[in-house]
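The structure appears right after this line, and notes come after that.
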Amino acid sequence: MTICLHHLLRLTSVVLLSALAASSAEAQGSGCSASSWIPTFGSTPGVDDRVLALQTFDAGNGPELYAGGDFTVAGSTQVGHVARWDGFAWHALPNGVNGVVTALAVFDDGSGPALYVGGSFNSAGGIPTGGLARWNGTAWSSVGGFVQGNVQAIAAYNDGSGPALFVGGLFNGAGGTGAQNLARWNGTSWSEITNGPNGTVRCLVVHDDG
């Protein structure tokens with residue numbers, strides 16, 4: 001079997017890429033098999049509202065897909081704006097979060113990898129959190145004294161001072177600092193970004209331009 005092309009899988013407003021295997025004969029004959037939509041994520045409609053963030057995370061049972069957004073139902077499961085797909089079924093994270101999730105990222109703060117969940121909420125699993133919360137696979141926790149506003153983007157990056165989580169959005173403080181719209185979390189403390197943006201940060205990505 002050879003990998004011939006990629007086809008799309010759909011979960012309400014989520015689009016994912018997955019490899020489609022085709023035989024050598026097919027590959028040599030017509031090039032590639034036709035792509036198609038397949039109902040990978042359980043019963044229609046998948047989730048009941050918009051999906052705004054996706055992230056894979058291994059909490060100890062192998063990589064699983066986490067989705068966050070406006071939704072409160074995934075498959076037939078009640079969830080709090082964030083859900084886990086194990087390859088067969090959807091699962092809620094205990095009590096979820098109480099507002100829209102707009103960003104997901106994995107970061108190791110020194111105590112092991114965890115899923116960081118950002119959005120416009122102020123509690124996760126019933127714990128006060130501000131707009132950012134940490135899920136370690138079994139429990140929720142807050143992150144260093146709260147982000148005071150909405151988190152819309154998260155990315156892990158080593159800026160030369162060690163691994164850190166960079167958090168963007170629309171906020172006026174993080175953990176007691178005066179960080180505006182962009183802040184750095186090193187696993188123990190927050191710091192401001194000098195001359196940071198004066199408007200909402202909606203996207204963050206790490207890129208090496210050479």
Hey, mind stepping through F171 and N150 against side-chain contact (heavy atoms from CB on, under 4.5 Å) and telling me if it holds? CA-CA 6 Å; F171 51 83; N150 297 335; over 6 Å; no

Using 0.5 Å steps for rounding, measure from the CG atom of N186 to the OG atom of S161. 9.5 Å

Can you find a heavy atom in the side chain of Y66 that is under 4.5 Å from one in the side chain of L115? yes

Single-linkage hydrophobic cluster, 4.5 Å side-chain cutoff, L54 and V101 together: no

Quick check on the hydrophobic clustering: are V47 and V82 connected, directly or via other members, by side-chain heavy-atom contacts under 4.5 Å? no

Calculate, to the nearest 0.5 Å, the distance between atoms CD and OG1 belonging to Q180 and T200 respectively. 11.0 Å

First locate atom CG of L204, then atom CG of L182, and finally report the distance between them rounded to the nearest 0.5 Å. 6.0 Å

Shortest non-hydrogen contact between F121 and V100, atoms and distance: CD2-O, 3.8 Å

Looking at F146 and P128, what are the two nearest heavy atoms and their distance? CE2-O, 3.3 Å

Is there a chain of hydrophobic side chains (I, L, V, M, F, W, Y, each step under 4.5 Å between heavy atoms) that links L104 to Y157? no

Are N198 and N181 close enough that a side-chain donor and a side-chain acceptor fall under 3.5 Å? no

Quiz question: by atom type and distance under 3.5 Å, do the side chains of D70 and H81 form a donor-acceptor pair? no

Is a side-chain donor or acceptor of D48 paired with a backbone partner of T72 at a separation under 3.5 angstrom? yes

Find out if a path of hydrophobic residues (ILVMFWY) with successive side-chain heavy-atom gaps under 4.5 Å connects F57 to W185. no

Sidechain-backbone polar pair: W140 side chain, P94 backbone, donor-acceptor under 3.5 Å: yes

Taking side chain as C-beta onward, heavy atoms only, is L132 less than 4.5 Å from T129? no

Hey, does V143 have a side-chain heavy atom less than 4.5 Å from the side chain of Y116? yes

Looking at N98 and A124, would you say the former's side chain and the latter's main chain have a donor-acceptor pair under 3.5 Å? no

Taking all heavy atoms of A174 and all of A183, pick out the closest pair and write down the distance. CB-CB, 4.0 Å

Closest approach of D109 to S111 (non-hydrogen atoms, all atoms of both residues): OD1-OG, 2.5 Å

Supply the atom-to-atom distance L52 CG to Q152 CD, rounded to the nearest 0.5 angstrom. 9.5 Å

Is there a side-chain contact between I193 and F166 (heavy atoms, below 4.5 Å)? yes

Got a second to check how far R202's CZ is from L170's CG, nearest 0.5 Å? 8.0 Å

Are R134 and V117 close enough that some pair of their side-chain heavy atoms sits under 4.5 Å apart? no

Heavy atoms, side chains only, cut-off 4.5 Å: are F107 and P113 in contact? no

Do T102 side-chain atoms and V151 backbone N/O form a donor-acceptor pair below 3.5 Å? yes

No-hydrogen, no-angle side-chain donor-acceptor test under 3.5 Å, T77 and R84: no

Heavy-atom check, side chain of R184 versus side chain of S189, under 4.5 Å: no

Taken to the nearest 0.5 Å, the spacing of Q55 CD from I154 CD1 works out to 9.0 Å

Considering only heavy atoms from C-beta outward, does the side chain of F71 approach that of V79 to under 4.5 Å? yes

Without swapping roles, check the side chain of W190 against the backbone of G176 for a donor-acceptor pair under 3.5 Å. no

